[in-house]
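Scroll down for the structure; my scribbles are underneath it.
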Amino acid sequence: MNEMLSSGIELMLIGMGMVYAFLAMLIVAINVMSQLVRRYFPEMPAKFSDQHVVAGNDKAVIAAITAAVHQYRKKHKLG
């Protein structure tokens, strides 16, 4: 019985060691790929024309959100 128990513990330790080794390699690989992507594919700066279009739609979005909140409060009697 002791031999089976020690064999089971040994198998468990080897299995967990493999899992931790795989996870460590995975973390290293993800960090290396992240650095490569940042180096060779940097983020492009946003264009000013795109920001102007978004800023023009802000009033319409705010009005739609305000109307939706008002309807929700009216339906659920929240004030």
Side-chain angles (χ1 to χ4, degrees):
M1 186 71 176
N2 275 342
E3 185 178 325
M4 288 180 64
L5 189 59
S6 65
S7 179
I9 290 174
E10 181 182 349
L11 185 62
M12 178 191 68
L13 292 176
I14 290 172
M16 291 305 291
M18 294 289 279
V19 168
Y20 285 125
F22 175 76
L23 289 176
M25 288 188 314
L26 186 65
I27 290 170
V28 169
I30 288 173
N31 286 332
V32 168
M33 284 189 292
S34 175
Q35 290 172 357
L36 288 174
V37 167
R38 278 192 227 136
R39 177 180 290 165
Y40 294 112
F41 301 102
E43 258 186 63
M44 302 300 280
K47 295 181 181 177
F48 292 109
S49 61
D50 292 342
Q51 291 175 352
H52 185 270
V53 171
V54 172
N57 290 336
D58 280 348
K59 290 182 182 180
V61 171
I62 291 172
I65 292 171
T66 303
V69 168
H70 179 69
Q71 262 186 336
Y72 179 84
R73 287 183 177 171
K74 185 176 178 183
K75 183 179 178 181
H76 295 285
K77 309 249 189 283
L78 295 176

Under the side chain to side chain contact (heavy atoms under 4.5 Å, CB included) rule, collect the residues that match up with V32, sequence neighbours excluded. V28, L36
Applying side chain to side chain contact (heavy atoms under 4.5 Å, CB included), can you list everything that pairs with M1, at least two apart in sequence or on another chain? none
With a 3.5 Å cut-off and sequence neighbours excluded, list the donor-acceptor pairs that the side chains of residues 2-10 form with protein atoms.
from: S6; atom 1: OG; to: N2; atom 2: O; distance (Å): 3.2
from: S6; atom 1: OG; to: E3; atom 2: O; distance (Å): 3.0

To the nearest 0.5 angstrom, please state how far the [atom1] atom of [X] sits from the [atom2] atom of [Y].
{"X": "K75", "Y": "H70", "atom1": "NZ", "atom2": "NE2", "value": "14.0 Å"}
{"X": "Q35", "Y": "N31", "atom1": "CD", "atom2": "CG", "value": "6.5 Å"}
{"X": "I27", "Y": "M25", "atom1": "CD1", "atom2": "CE", "value": "11.5 Å"}

Side-chain donor-acceptor distances from residues 38-45 under 3.5 Å, at least two apart:
from: R38; atom 1: NH2; to: S34; atom 2: OG; distance (Å): 3.0

Please go through L11's hydrophobic cluster and name the other residues, only I, L, V, M, F, W, Y counting, with side-chain heavy atoms under 4.5 Å joining them. none
Using the rule that two of Ile, Leu, Val, Met, Phe, Trp, Tyr join whenever any of their side-chain heavy atoms come within less than 4.5 Å, decide whether L13 and Y20 are in one cluster. yes
